[in-house]
Every structure is written in structure tokens, then in C-alpha cells.
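Remarks on the structure that follows.
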There are 2 protein chains.
Amino acid sequence: MTSRRVLTGSKQVSLEVIKRLSSYLRDLKTLENNGVTVVSSGSLAELLGISSVQFRKDLSYFGPFGKKGVGYNVCTLTAKLTELLGAGDCMGFALAGAGKLGSAIIQYSSLQRFNIKIMAAFDSDRRKIGKKIDGLVVADAKDMETTVRTMGLKIGVICVPAKAAQQVAERMASAGIIAVLNFAPTEIKILKKVHVSNVDICVEIEALSYFVRQSAT
Amino acid sequence: MTSRRVLTGSKQVSLEVIKRLSSYLRDLKTLENNGVTVVSSGSLAELLGISSVQFRKDLSYFGPFGKKGVGYNVCTLTAKLTELLGAGDCMGFALAGAGKLGSAIIQYSSLQRFNIKIMAAFDSDRRKIGKKIDGLVVADAKDMETTVRTMGLKIGVICVPAKAAQQVAERMASAGIIAVLNFAPTEIKILKKVHVSNVDICVEIEALSYFVRQSAT
DNA sequence: TAGATTGTTAATCGATTAACAATC
DNA sequence: TAGATTGTTAATCGATTAACAATC
């Protein structure tokens, strides 16, 4: 994995760090709901299955948030991480491919808690166009560029078959999308300035089955 | 991410390498279908969006497969990688949580091409139990241990809500599951010998939105 | 042969972790 | 104060990449 960096003030932080911060925020919210007011890096790290140093190191890219000898105020840290990740403002995204997986993501309720909202879904299949999924009408793929541009969407989620993925990604990029989450089992080659995250469920399971076969020896 | 290693003969190969090998195999199959007989690391790497050295290095953990000055025979390499990953034999898995995402995975046709097959699906929701999804009947979650053990399943996919994930994972592990793909937005703490891969769609998109906000400056 | 391309060693780069001073 | 825990520097570890000999 070529690790991509992101400029933060003068610092460059890897996307791995950002993902971890996002998961810290996720768990902090749970703690907050459970009425926990103060937490140490040690106990939170245990909850997250990482080391406490990694937690503190990750935070250190953005400033000191804790109190030595005490730990972290859950509310304060939650607020800081929310601000830092920009998770307080709603972020819309466009989705291409309203098949099984696409529909599941459209209806994925957890996204709401992350202030992430599906704004438009597209498909080229006549049978899917016009279909209403969770209140959202699937639009014709040929209108994608116009809609994405008009709505000013910056994030695209690709759930189309592998052979259509590259073209869809290019069209998204041309319409102003600068970050893509690709579920299609294929690599996408696109302008450097567009960030692509790949999730290939088949590859994930195949890697696990290699692990299983190894263990069988 | 703590990078997990897997023993291969005397060599230890990271799971990242295995995932890449899986994606190499995926693209080699496409080339094979397109009638390509020989390919160089350079052109394949370009297709994959990685460097040619990385491709050759990854292969080198398992032996020399190419011909110097020429490249790789597509059929031969496909066969070798298939054998190496054990991708020729069908690998079954169990799925917990037959909601939207779970159903999408049950019906995910690409898995077949990877010789990966859903063998049993479970849910604790009375409305879902007995439901037939793509020919598979959703079973009662309380029968999970027995069925998993009887069928000898080793891979589990978790699509239940976050708060149920930990318990489901533990029950899977107790029934003999040794590799888990977790889609629930929470960490799973489990026996060391069980490998857990996490895919948190919310975290993925939140990280992308951080990237988008950074670019806006 | 000359050109191309592999396989591998050594160098580099980045991420994780150990160690510890600072301080609540 | 003594104990706990943070924040950070330095050391370690691992992964990627550069360089190049081997050879088709």
C-alpha cells in the first residue's frame, strides 16, 4: 500500500492515522454515552486493541489533549477529534451502482451517526433507475456528471461491476469528485489528486482463506 | 495496523503481501481471458497501479516464476498463484447478520469466481430467520455454534450491529472459526490465534472526508 | 550479440515502539 | 509527596525502493 499523506498545518499525517483517529472518535462517543467522563490512553487503547503509545502518538500530531497523571476528558477529546476530522459538518457523497451492495450502503444507518449522507445514487440499468431506496430515487447514470457538479459532491462510492469501474471513476473525477471509495474488484487508475481507497471483499476473504490453510498444517 | 505474519515454509510473509498476490491473481485471470500469454512485471504493475519491483518482490517470497529478459507466462503464473493461495479449492464461510449488508454479501456473485462460498447465514431477528436469500435459508443464530462446528467452517463474516459483534465473534471462535472479516463498526477482542480483518465503511468515508476538507484549503 | 527483464541485495524510508522527562 | 499518566525523542522494526548482477 502506498501510504498517502495529508498536509496538516506543517505536518504530514498518513491516512492510516486519520482512520485510527476516526475509530478513536467512534469509541469515545460510546464511552460518552455510557457516562464515562475521563479515560486514560491505556484503557482506551485496550478497548481499541492497540497500544497506548500509538494512541498518544497519533493524537500528538494534532496537539496535547490530555492531562498528565490523569488522562483525557472524554467530552473534550470527543469535541476536539470531531473538529479535527471535520466530523461535525455533514459530508455528502454520490454512489454509482445501485445493486445489492450499493443499496445496502444507501440504507446503511451507521453513516448518519458519522454525519455522512448519501446525496445521489446512479445506475445505468433501466430496471433500477427511478427505484426508490430508503427515500432516495436512483438516477440515470448519464446524469451523473451534471448532478455531482451541481450538488458540489466531492466523495464518490463505486459499487458497479469491475469492468465499468474505471470509466465511472474517470467520469466522477471529471465532475469534481476528489475522493473515491472503490468496492469494485479492480484497480482504478486516475489523476494523482484524486484519492482512491479500495475495499475488495473477495481479496479480503481470499487472504483469510490463505491464513486458514496455513493454520491447517 | 499491527501487521500480521504468516508462516510460509521457513519464510514469514505479511498479510499485505497475500492480499496483493490475490489482486495479482485477479488481474492475471482477466489477462488470460483476454488472450494475453506473456506479461512483464512492468506492464502488469502498471495495470495494478503499483511498482514493478513490488510485484517481483512479492513473488520472490514464493519462488522464481518468470523468465529473465522475457517476463511471465500468464497461464503458468495464474496456476502457480492459484495453487499458492489455495484458491483452487472452494472455501466456505459463515455469515452472521442477514441485514442489508449481510444479504448483499450472500448474493455477491464475484465471490464465486474466487471459489469462496457462503455455507450458512445466521440472524437472531425472528423476521429474518427462515428467509431465503439466493437459495440460502437464514438460520437461527442460536444454532450457529453447532452448524459451524458440524460443517467445519473456519471463516466467519460479521455483519451484525456493533453492540452484538463482540459476542458473535467469541461464539464463532468457540465453534472453531479462526479467521473473521468484521464489518461491524467496532473492534473485536479475541484469542490471538484468530485473525480479524476489519472493514469499517464509516471510517473509510470519514477518512476520505478529512482528505476532502484538507484539499479545500 | 544487444536489449530486455528478472530476482535479489543493500539502502532508504516510514511507522511502531521503547524509554523517559515532564507534570498533574 | 508518591503514583500515575501524558507527550516526545530516540531506537527499532518492517516495508518499499534503488541498484544491479544474472540471464533469457
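Note on naming: letters A, B, ... go to the chains in the order of the sequence lines (proteins, then strands), and numbering restarts at 1 for each one.
- A side chain to side chain donor-acceptor pair (under 3.5 Å) check over residues 113-122 of chain B, counting only residues at least two apart or in different chains, returns the pairs Ser110(B)-Arg113(B).
- To the nearest angstrom, P of dT8(D) lies 13 Å from CG of Asp58(A).
- The salt bridge (charged side-chain N to carboxylate O under 4.0 Å, His left out) test applied to Glu145(B) returns Arg171(B), not counting sequence neighbours.
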Protein-to-nucleotide contact annotation, 5' to 3' order, nucleotides 2-7 of chain D [B base; S sugar-phosphate only; - none; under 4.0 Å, heavy atom]:
--BBBB

When the side chains of residues 65-77 of chain B are checked against the rest of the protein, which donor-acceptor pairs come out under 3.5 Å, sequence neighbours left out?
from: Asn73(B); atom 1: OD1; to: Cys75(B); atom 2: N; distance (Å): 3.0
from: Asn73(B); atom 1: OD1; to: Thr76(B); atom 2: N; distance (Å): 2.9
from: Asn73(B); atom 1: OD1; to: Thr76(B); atom 2: OG1; distance (Å): 3.0

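- For the pair Lys29(B) and Tyr24(B), the cation-pi criterion (under 6.0 Å, within 45° of the ring axis) is not fulfilled.
- For the pair Glu16(B) CD and dT16(C) P, the computed distance is 12 Å after rounding to whole Å.
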Output a table of donor-acceptor pairs, distance under 3.5 Å, between side-chain atoms of residues 85-109 of chain A and any protein atom two or more places apart or on a different chain; print 'none' if there are none.
from: Lys100(A); atom 1: NZ; to: Gln107(B); atom 2: OE1; distance (Å): 3.3
from: Ser103(A); atom 1: OG; to: Ala98(A); atom 2: O; distance (Å): 3.3
from: Ser103(A); atom 1: OG; to: Gly99(A); atom 2: O; distance (Å): 2.6
from: Gln107(A); atom 1: OE1; to: Lys100(B); atom 2: NZ; distance (Å): 3.2
from: Gln107(A); atom 1: NE2; to: Ser103(A); atom 2: O; distance (Å): 3.0

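- Between the NZ atom of Lys57(A) and the P atom of dC20(C) there is a distance of 17 Å, given to the nearest Å.
- Between Arg20(A) atom CZ and dT17(C) atom C1' the separation is 12 Å, expressed in whole Å.
- At whole-Å resolution of the value, NZ in Lys19(A) and P in dT16(C) are 12 Å apart.
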Read 5' to 3' with Watson-Crick or G-U pairs under 3.5 Å, [ ] for crossing pairs and | for partners on another strand, DNA chain C gives ..||||||||||||||||||||||

Which pairs of donor and acceptor atoms, one on a side chain in residues 151-168 of chain B, lie under 3.5 Å apart (sequence neighbours left out)?
from: Gln166(B); atom 1: OE1; to: Lys189(B); atom 2: N; distance (Å): 2.9
from: Gln166(B); atom 1: NE2; to: Glu170(B); atom 2: OE2; distance (Å): 2.6
from: Gln166(B); atom 1: NE2; to: Lys189(B); atom 2: O; distance (Å): 2.7

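- With sequence neighbours left out, Asp27(B) forms a salt bridge (charged side-chain N to carboxylate O under 4.0 Å, His left out) with no residue at all.
- Residues satisfying the ring-ring contact (aromatic ring centres under 6.0 Å, His included) test with Phe183(A), not counting sequence neighbours, are none.
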